[in-house]
There are 2 protein chains.
Amino acid sequence: MKKQTTIQDIAQALNITASTVSRALHDHPKIKKSTKKKVWDMAHKLNYQPNSIASSLRKGKANTVGMIVPRINRHFFSNVITGVESILNPAGYNLIICQSEESIEKEKMNINTLISNRVSGMLISLSLETTTYDHIEHAIKRNIPVVLYDRITHKLNTCSVENDDEKGSYQLTKHLIEQGYRKMMWIGGSRKFNTYTNRFAGYEKALREIGINANKMPIFEGNISLETAYDFMKDFLNHEPLPEVIFSASDFMAMGAIIALQEKNLKIPDDIAVSGYSNEPFASLISPKLTSVEQFSKKMGQESARLLLEQIKNEGQKQSKQKITIEPQIIIRESTIKIKSE
Amino acid sequence: MKKQTTIQDIAQALNITASTVSRALHDHPKIKKSTKKKVWDMAHKLNYQPNSIASSLRKGKANTVGMIVPRINRHFFSNVITGVESILNPAGYNLIICQSEESIEKEKMNINTLISNRVSGMLISLSLETTTYDHIEHAIKRNIPVVLYDRITHKLNTCSVENDDEKGSYQLTKHLIEQGYRKMMWIGGSRKFNTYTNRFAGYEKALREIGINANKMPIFEGNISLETAYDFMKDFLNHEPLPEVIFSASDFMAMGAIIALQEKNLKIPDDIAVSGYSNEPFASLISPKLTSVEQFSKKMGQESARLLLEQIKNEGQKQSKQKITIEPQIIIRESTIKIKSE
DNA sequence: TTGTAAGCGTTATCAG
DNA sequence: CTGATAACGCTTACAA
């Protein structure tokens, strides 16, 4: 690597000292305007780029924030990232993004990497495997501000930002009830995971209010993928009576079910209604348009970043750890609207 | 921030010097096994985390790669990122991701940030606005290895990885011709941008081979969005004769057109066929399933990362800058298949 | 308003 | 096989 110009070089060229240059570049109030201008011009002339590594070392902390995300190429998470960047970049921070790929081992490695890089803070969404939290406490003990988002735990004393899955699910189920549907069926990811426990809780609650026991109606848990739901549904249709509506806790699973249903020439919503969750881009594009729940993922990113910045600023000072809940919004589309004139 | 343990602390605790500790931690061959073990144990006991900032400063370079992406929450780009990480992480590099948001100003700022962070290399996809390249040469002059991907230019002497858009488009048009379609129509993004110039070139070429002039058939250029295409198509249908097929250089625009067509009760592909480009997740989910072109975005990320690592290793040594082309694959689905038995 | 000098935690080099 | 020392580029008390 060719030698880069440093503040020393600028200082030499102007016959002043490095400290003056440093101060001038940071617009220190006690430096003469004329000096600042000289320094600035020379910096420009010598093509100076500050070395933030040196600066970080000196300050014991980098202008960098670490973010752990289960998978970056999921629509939901990449939108969270967009939200995070929209807050962090203007505040002068860079993002190092790490993927846990749903593995707790990778998550631990990610945290170590971020600690080694002396990030100013961490934004973490837990992997599905994560049930112990030593590695996260590890970071907290080092006084690194941590904000958990989306996949959170309440067992740690951290800030957190989560979706109100129970509420979204509750409201969506209420909508289905209002449409007159009673015989329902649940499909979703494993209820080992908070997300699906919560979504199921909302579903159950809304049904309980009208005296229906969700657990006495069909329930399918599996991988959150189109294929899993398709395979299950194809089989289900062969030997089980059709419910009036399928409540899917995932848009992809809803899609899998829809394909299986359409292959059997069942009309949606006339023969059977289907709802999804998380409002994937395709939800409004397929036919029929899929009723779903919008999660405001970008907003989740922004709120998380905001909380993190607050903590970074109030460094050291003990403060209560805020918990933010993002309100979901149900998006009613064709797939669950009962044709009234029938 | 609480004081973190350093190699000095380990050294003191063991009555040896920091350099020995450093060497032991890096498994230097000339350090006694017993010493290594002592050091390793003590590091563990004191909860040591290497300070990569200090290491980077000393080495003049960070174990970090910078990546500039127009927008992170696009399916295509988030898949490229996944590919990049899959190569870079195992090689011990972290990714700093910056978004240009299609603005050359932001792109310049991004490059400066990355230079300041002394990244070992950069992966860059140009913003749509970018037509001058001083800022990129700026990085190259500093001997920072650069790989351009997807949105590239040949005006710079860099490695690059691009899609063979012309070929994808050519093959898709050939397929349309084979299906018997002749009256075509082009919709796509502005041909100011390479991507669309190339896709148009393939379309034009295939048609020229059978004596048809693409420029004498309807052409629409606009924002690459569902809405733009929808609005255009709705209007178009009011006063222009229907072509046999719409060649859309974007899946989203194809989708917009499809919605407008379906609102007029036109059957696809019976009344009019439609093809898209880039095989978005929804392409196989909508009805009819959309013919499109798969671009292997993850592979593009992997190839880019591979090229970058090579350059980082051969640092300094002049070597020819490799240009890689990723072959696309046309995915024929319902939306362009002419029912033979008619 | 500017200069002096020390130090952030590592690692490369030289010496033993 | 290990130690001593300097240096990476910047910031910040403290001094002037």
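Quick note on labels: first sequence line is chain A, next is B, and so on, each numbered from 1.
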Of B/K59 and B/I16, the one whose closest nucleotide on DNA chain D sits nearer the 5' end is B/I16

Whole-Å distance, B/H28 NE2 to C/dT10 P, equals 18 Å

In whole angstroms, the gap separating P of C/dG9 from CG of B/N51 amounts to 7 Å

Mind checking if A/S19 touches a base, just sugar-phosphate, or nothing, with heavy atoms under 4.0 Å? base

Here the distance between atom P of D/dC10 and atom CG of A/L25, to the nearest Å, is 9 Å

To the nearest angstrom, the NZ-P distance between A/K61 and C/dC8 comes to 17 Å

Original post:
Can you find a donor-acceptor pair, distance only, under 3.5 Å between B/R118 side chain and D/dG9 base?
Top reply: no

Query raised in the report: Heavy atoms under 4.0 Å, any strand shown: does B/I53 hit a base, just sugar-phosphate, or nothing?
Result: nothing

Side chains of A/N110 and A/H135: any donor to acceptor distance under 3.5 Å?
no

| said: Check this for me, if you would: do B/E303 and B/R306 make a salt bridge, where the nitrogen-to-carboxylate-oxygen distance has to be below 4.0 angstrom? | reply: yes

Here the distance between atom P of C/dG9 and atom CG of B/L46, to the nearest Å, is 14 Å

OG of B/S103 to CE of B/M109, rounded to nearest 0.5 Å, is 8.5 Å

Nearest-nucleotide check on DNA chain D, B/A54 vs B/I31; residue mapping nearer the 5' end is B/I31

Quick note, B/Q8 side chain, CB onward, closest among D/dC1, D/dC10, C/dT10 is C/dT10

inquiry  = Between the base of C/dG3 and the side chain of A/R23, is there a donor and acceptor pair under 3.5 angstrom?
reply    = yes

For this session: Go through the side-chain N and O atoms of B/H75 and B/N79 and say whether any donor and acceptor fall under 3.5 Å apart.
Result: yes

Of D/dC10, D/dC8, C/dT10, the nucleotide closest to the side chain of B/L57 is D/dC8

Rounded to whole Å, the CG-P distance (A/L14 to C/dT2) equals 11 Å

- [ ] Have a look at A/H26 and say if it touches a base, only the backbone sugar-phosphate, or nothing, with a 4.0 Å heavy-atom cut-off.
- [x] sugar-phosphate

A/S120 side chain to A/A62 main-chain N or O, any donor-acceptor pair under 3.5 Å? yes

Does a sphere of radius 6.0 Å around NZ in B/K323 hold more than 12 heavy atoms from other residues, nucleotides or ligands, not counting ones at 6.0 Å or beyond?
yes

- Pick base, sugar-phosphate or nothing for A/K32, based on heavy-atom distances below 4.0 Å to the nucleic acid. sugar-phosphate

For C/dG3, take OP1 and OP2 only and decide whether either is under 4.0 Å from a side-chain N or O of A/T17. yes

The nucleotide from D/dC10, C/dG9, D/dC1 with an atom nearest the side chain of B/K30 is D/dC1

From CZ of B/R58 across to P of D/dC10 the rounded distance in Å is 16 Å

Whole-Å distance, A/N117 CG to C/dC8 P, equals 20 Å

**OP:** Determine: side-chain N/O of A/T35 to OP1/OP2 of C/dT2, distance under 4.0 Å, yes or no.
**Re:** yes

